[in-house]
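Following: one structure in structure tokens, then a few remarks.
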Amino acid sequence: MASISSSPLSLMSFNVSSNFNTSSSLPYPFSQKHQPSKNRKPKHHQIACTSNDTNQNSPKEQEQKASPRRNVLIGLGGLYGATTFTNNNSLAFGAPVPIPDLTSCVVPPIELPDDIKNIDPPISCCPPFSSDIIDFKFPTFNKLRVRPAAQLVNDDYFAKYNKALELMRALPDDDPRSFYQQANIHCAYCVGGYTQKGYDVELQVHNSWLFLPFHRWYLYFYERILGSLINDPTFAIPFWNWDAPDGMQIPSIFTNPNSSLYDPRRNPTHQPPTIVDLNYNKANDNPATNPSAEEQIKINLTWMHKQMISNSKTPRQFLGSPYRGGDTPFKGAGSLENIPHTPIHIWTGDPRQPHGEDMGHFWAAGRDPLFYAHHANVDRMWSVWKTLGKKRKDFTDPDWLESEFLFYDENKNLVKVKVKDSANDRKLGYVYQDVDIPWIKYKSKPSRRVKSKDKNKSSAQRPSRKLVDKFPIVLDSVVSIIVKRPKKSRNSKEKEDEEEILVIDGIEYDNKTEVKFDVIVNDEDDKEIGGENTEFAGSYVSVLHVHDHGKNKKKKNNNIVTCLRLGLTDLLEDLKADDDDSIVVTLIPRYGNVKISGIKIELED
Ligand code: C2O
């Protein structure tokens, strides 16, 4: 590998192939220097997601977006973001997220697992770069590729995938198609390796509306490269069918230590037949007290129903919050990214490694072949979601549609793709094997016999918890907050038009720590609430991804500020609390130190 690696810190070397333009390929830390004159300032928003700025159907907003004026306005950082209004979209302007500035690639120092600590040249996180960028063209094909459920494939399929991945692993490290470089794509885009081209601000594809499109493109190219290595354009990657009982364990094709689909860095206690926990809490993982396999399956199905249906009534709830050109990241993850996507990463990763590698830290996640099967199911859920009702549609906001990424294709060309071209999986030439969707009718159950009387008072007065009414909250114990509802007793038309959303805002924590807390609504007395219960509205959970880019590296604190938005309409209906003036929200810290700046209820269309 032609890599420049003068840096003593592993994982920081800038990895450049001799085939590519190397004009500005200085090794870290020199490559951190940006040219400030060309770069716009990042916009710092302390409040992450208080506003509804995704109304895509307002003609006024469309006009605003098309107007050149918004390009002037994006320079005025202070005006943007926190000043968008719930019922007035006229300030919801921005720009699409541009391609990364490839020359800016840096990755902060990370302690590496023992067996890859001392390899020479050191592990890098930066894919090769080229200044020749071509525009994406849709593929031509005779037949759709069918991505199979991993637990259903036969030996021939396994042999084929094994062969393809073997060839991919055998490519030289500086070949952008190599498995090593495939993993680096994730590292660079997901650990703050890049800045947005033209802005001195980190590019991050998690925790926003870019999450699903980015990963769809990532899998698309991964699959095409594998297919080309075995000369089989019909090759399709498998999906880890964790939303159905017979797929809820690590698929056996990934567990043979002699195959190229294997990764030694996984949690040894989570091997088959252990059932995955879709809302995994690593602080409370004890084989002696964990639910039985049968119970875990039921809890998982309930989570799928909650996340795909109750918590996914609007595009923003499902796909994630708007993140535009020049924005600081972490605007807020969509429901699926939060649960089960993130807990599955942590559940799979190896707790014996420094940060739960490979799956448990974004720098390394792409080094486990299981990653691609995990994300294929995440991707499949996007396609399934669009079949679940007429409001389940992609954004039409131009800032989403026109956002761009760069990937290498099977011919080593650097290709520029747009979010809008990812929206339809069939146009990209693939579909998913048609399997059962067992969670559609799998509703949660209230933990108690519900009465329609307002129970808030007695619930909040539970002695074991602190009732708080001041913000910010430092979440170091269980707290309850009474939250007023903007409207009550809405009719079904109103509910269909607008979803009632619980907004937990300004969730703040150090980016080098992991956090998790659970959100419970209107629970009572001393009943322990589990994932199977309606009262369990959701969780906030993070995956480690250090980001020390752009301005951040000069700041004293490297805090992440984000938000969590949870659907209340189904939940309150099921708890027969629709006529109550307020709800009681209980926050249960699970691990990590978190501060929360506000909680409120919004209506979102
Ligand atoms: Cu980019 Cu599952 O992470």
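As a basis for the values below, the full set of heavy atoms in this structure was taken, side chains included, without hydrogen atoms, waters or symmetry mates. Just follow the structure's listing: the first ligand is 1, and inside any ligand the first atom is 1.
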Checklist line | Donor-acceptor contact below 3.5 Å, side chain D397 vs main chain D399 | finding: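 At least one qualifying donor-acceptor pair exists.
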Check: Strictly under 2.8 Å, is any N, O or S atom of H374 next to atom 2 (Cu) of ligand 1?
Finding: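 No, outside the cut-off.
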Check: Out of Y323, F395, F214, which one pairs with W400 under the ring-ring contact (aromatic ring centres under 6.0 Å, His included) rule?
Finding: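 With W400 as partner, ring-ring contact (aromatic ring centres under 6.0 Å, His included) holds for just one option, F395.
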Margin query: Angle between ring planes, F371 versus H375, binned at 30° and 60°: parallel, tilted or perpendicular?
Written below: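 Answer is tilted, since the angle falls between 30° and 60°.
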Notebook entry, point to check: Would you call the rings of H341 and H345 parallel, tilted or perpendicular, where under 30° means parallel and over 60° means perpendicular?
Noted result: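 Because their plane-to-plane angle is over 60°, the rings of H341 and H345 count as perpendicular.
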Margin query: Are W363 and E357 packed together at the side-chain level, in the sense that at least one heavy-atom pair is separated by less than 4.5 angstrom?
Written below: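 Counting from C-beta outward, W363 and E357 do come under 4.5 Å.
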Checklist line | Name of whichever N/O/S atom of H345 is nearest to atom 2 (Cu) of ligand 1 | finding: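 Within H345, restricted to N, O or S, atom 2 (Cu) of ligand 1 is closest to atom NE2.
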Next item on the list: Compute whether any side-chain donor of one residue and acceptor of the other, for K516 and N279, lie under 3.5 angstrom apart.
Entry: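 N279 and K516 do have a side-chain donor-acceptor pair below 3.5 Å.
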Check: Which protein N, O or S atoms lie under 2.8 Å from atom 1 (Cu) of ligand 1?
Finding: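 As for protein N, O or S atoms lying under 2.8 Å from atom 1 (Cu) of ligand 1, they are H186 NE2, H206 NE2, H215 NE2.
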Margin query: For residues 302-314, which residue pairs pass the salt bridge (Lys or Arg N to Asp or Glu O under 4.0 Å) check, not counting sequence neighbours?
Written below: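 Every salt bridge (Lys or Arg N to Asp or Glu O under 4.0 Å) pair that includes a residue of residues 302-314, provided the two are not neighbours, is K313-E499, K313-D570.
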